[in-house]
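Read the structure below first, then the notes.
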Protein chains: 2
Amino acid sequence: MPAPPQAAGHATAPVVARDAAPAFSPLYQQIKVLLTHSLQGGEWRPGELIPSELELAARFKVSQGTVRKAIDALADDRLLVRRQGKGTFVATHAEREVRFRFLRLVPDNGKSGGMARRFIDCRRQRAPADVARALALRAGDPTLQVRRVLSFEGRPVVLDDIWLPGHAFKGLTAERLSEYRGPMYRLFETEFGVRMIRADEKLRAVGADAESAALLEVEPGAPLLSVERLSFTYGDRPLELRRGLYDTSAHYYRNELS
Amino acid sequence: MPAPPQAAGHATAPVVARDAAPAFSPLYQQIKVLLTHSLQGGEWRPGELIPSELELAARFKVSQGTVRKAIDALADDRLLVRRQGKGTFVATHAEREVRFRFLRLVPDNGKSGGMARRFIDCRRQRAPADVARALALRAGDPTLQVRRVLSFEGRPVVLDDIWLPGHAFKGLTAERLSEYRGPMYRLFETEFGVRMIRADEKLRAVGADAESAALLEVEPGAPLLSVERLSFTYGDRPLELRRGLYDTSAHYYRNELS
DNA sequence: GAGTGGTCTAGACCACTGA
DNA sequence: CAGTGGTCTAGACCACTCG
């Protein structure tokens, strides 16, 4: 179905534009794009097994090594997961190992007890200008606004304000959210076909306002870690804006630099 | 000079332990270890060109492809930098593109004007217990303690307290630091042969104490972003503990999740 | 043009999984 | 055992840099 890309390397034709712009793109990157389209189009869904390297090589009329390089790149991007002896699977937020993979909060005293969620609010609302800008919507477009608190060992630690584009999350309600067990991003995958693949965060220290202080059970003005996260699906399309306030008196935000 | 690793794959001998523990390690990872040792031992210094893939393949008696995979891994770890047509170089904190690569602070209004440094203090001091633990020293071991302020557009934004193991940084003085132009980690490389390759950070929101408030020109109690960074050289040896306080009223800490 | 890294292929064998 | 990904090799050609 996808147009087989032109051969290259071994003994054949020019790869791409020969005249104006060089714009050289290696074969394995073209394969990567084709695979991404299949993921985006839902040919293989989160958690599913994709065809073997040899099958894909036959489909795209390239060698196994070339397919392998494309899959390697997608695995690096965390879109695919390789399992030796079993095959290659579409990554998902449902796997035990990666649940809450975007949550970088770590308790000071090593072990993390259970996490509890409480949904405070969930309503449809017109997008304020700043939210609209972040989500690439028009101001006033319908959005879904969710407010919730995460607690660890019975103490509230995170207050999240979440904005979602209304069109992509039709039918999402407070009940749906509160009765769902498991990570939010997993619900997005299974119920709305929305898969978050990466996110940008902006961190600052702020003082707690009265409302946040009450919800997090801290003094007004107490220092809180503000975490503004913008999450993206395929094609770098932003699909969630999340403004979090973290009480870091017994937890810290972990980051690794390299 | 290094013992050539055993062959594998094509048509030859068992690779490694056959009896008790499987402990299988692919050839290219063994090559990676050998290359790391050469880096660590100073055979090739930061910024220098390492031998070509073909030369290394000959030295280690493996194919070019295997050396390539090892170098790819080291390039992913940011220990090496590949430049097509030129060769492969030892990564350094001196390169224009990666200067201050560990500093994630971004000004709200896009463009970053100049950065100014002011060294407030630099003294030899016995390691407090917590610092010693982080740096894998014994409490009371000699350390160097540096305090400095970073300013952007004339306004103080970052207050850093830096601890360095005394033995690795003999001869580092306040003058040396203040007269040096360029990133600190570059000075560490050129003057002390210490190359930082990765770091862990712990972030929290805290209230400014009197001293910090004065130095950062904020109100006492104002929310500040606390960034505790532990930096590592080769072999995961910690060689710097840095406690930073960031005024995030006009800057934010940027992070990318994937 | 020589030398470097980058891509592509083809084929062999190894390690792991599950029926 | 067959089938999957993982490693290794050998050789060809492409893209880039620099003298």
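Residue numbers start from 1 in every chain, and the chains themselves are labelled A, B, ... in the order their sequence lines are given, proteins ahead of strands.
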Heavy atom of residues 75-88 of chain B under 4.0 Å from DNA chain D: which residues?
B:Gln84, B:Gly85, B:Lys86
Nucleic acid contacts - residues 45-53 of chain A versus DNA chain D, non-hydrogen atoms under 4.0 Å:
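Here the set is A:Ser52, A:Glu53.
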Can you see whether A:Tyr185 engages A:Glu240 through a side-chain donor-acceptor pair at a distance of less than 3.5 angstrom?
yes
Is there a donor-acceptor contact under 3.5 Å linking the side chains of A:Glu201 and A:Tyr253?
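Yes, a side-chain donor-acceptor pair sits under 3.5 Å.
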Ring pair (Phe, Tyr, Trp, His ring centres under 6.0 Å) partners of B:Phe152, counting only residues at least two apart
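Residues passing ring pair (Phe, Tyr, Trp, His ring centres under 6.0 Å) with B:Phe152: B:His251.
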Rounded to whole Å, how long is the line connecting atom [atom1] of [X] with atom [atom2] of [N]?
{"X": "B:Leu27", "N": "C:dA12", "atom1": "CG", "atom2": "P", "value": "20 Å"}
{"X": "A:Lys61", "N": "C:dT9", "atom1": "NZ", "atom2": "P", "value": "13 Å"}
{"X": "B:Gln30", "N": "D:dG6", "atom1": "CD", "atom2": "P", "value": "18 Å"}
{"X": "A:Phe60", "N": "C:dT9", "atom1": "CZ", "atom2": "C1'", "value": "18 Å"}
{"X": "B:Leu54", "N": "D:dC13", "atom1": "CG", "atom2": "C1'", "value": "14 Å"}
{"X": "A:Phe24", "N": "D:dC14", "atom1": "CZ", "atom2": "C1'", "value": "7 Å"}
{"X": "A:Leu56", "N": "C:dC8", "atom1": "CG", "atom2": "P", "value": "16 Å"}

Please table the atom pairs, donor to acceptor, closer than 3.5 Å between any side-chain atom in residues 70-79 of chain B and protein atoms at least two apart or in another chain.
{"from": "B:Asp72", "atom 1": "OD1", "to": "B:Arg82", "atom 2": "NH1", "distance (Å)": "2.5"}
{"from": "B:Asp77", "atom 1": "OD2", "to": "B:Lys32", "atom 2": "NZ", "distance (Å)": "3.1"}
{"from": "B:Arg78", "atom 1": "NE", "to": "A:Ser258", "atom 2": "O", "distance (Å)": "3.4"}

With nearest nucleotides of DNA chain C determined for B:Gln64 and A:Tyr28 from heavy-atom distances, which residue corresponds to the more 5′ nucleotide?
B:Gln64
Go nucleotide by nucleotide along DNA chain C from the 5' end; which of A:Thr66 and B:Asp72 gets its closest nucleotide reached first?
B:Asp72
So, is the end of the A:Arg83 side chain (NZ or CZ) under 6.0 Å from the ring centre of A:Phe89 and within 45° of the ring's axis?
yes
Of the listed nucleotides C:dG5, C:dC8, D:dC8, the one nearest the side chain of B:Ser63
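Selected nucleotide (nearest to the side chain): D:dC8.
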Among the nucleotides D:dC8, C:dT9, C:dG6, which one has an atom lying closest to any side-chain atom of B:Arg68?
C:dG6
side-chain contact (heavy atoms from CB on, under 4.5 Å) against B:Phe100, all qualifying residues, sequence neighbours excluded
B:Leu103, B:Met115, B:Pro183
Who pairs with A:Glu228 by salt bridge (Lys or Arg N to Asp or Glu O under 4.0 Å), at least two apart in sequence or on another chain?
A:Arg243
Aromatic contact, A:Tyr234 with A:His37 (centres under 6.0 Å):
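No, they do not, as the ring centres are separated by 6.0 Å or more.
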Is there a side-chain polar atom (N or O) of A:Lys69 under 4.0 Å from OP1 or OP2 of C:dT7?
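Looking at the OP1 and OP2 atoms of C:dT7, one of them is under 4.0 Å from a side-chain N or O of A:Lys69.
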Would you call A:Val67 and A:Val62 a side-chain contact if the rule is heavy atoms closer than 4.5 Å?
yes
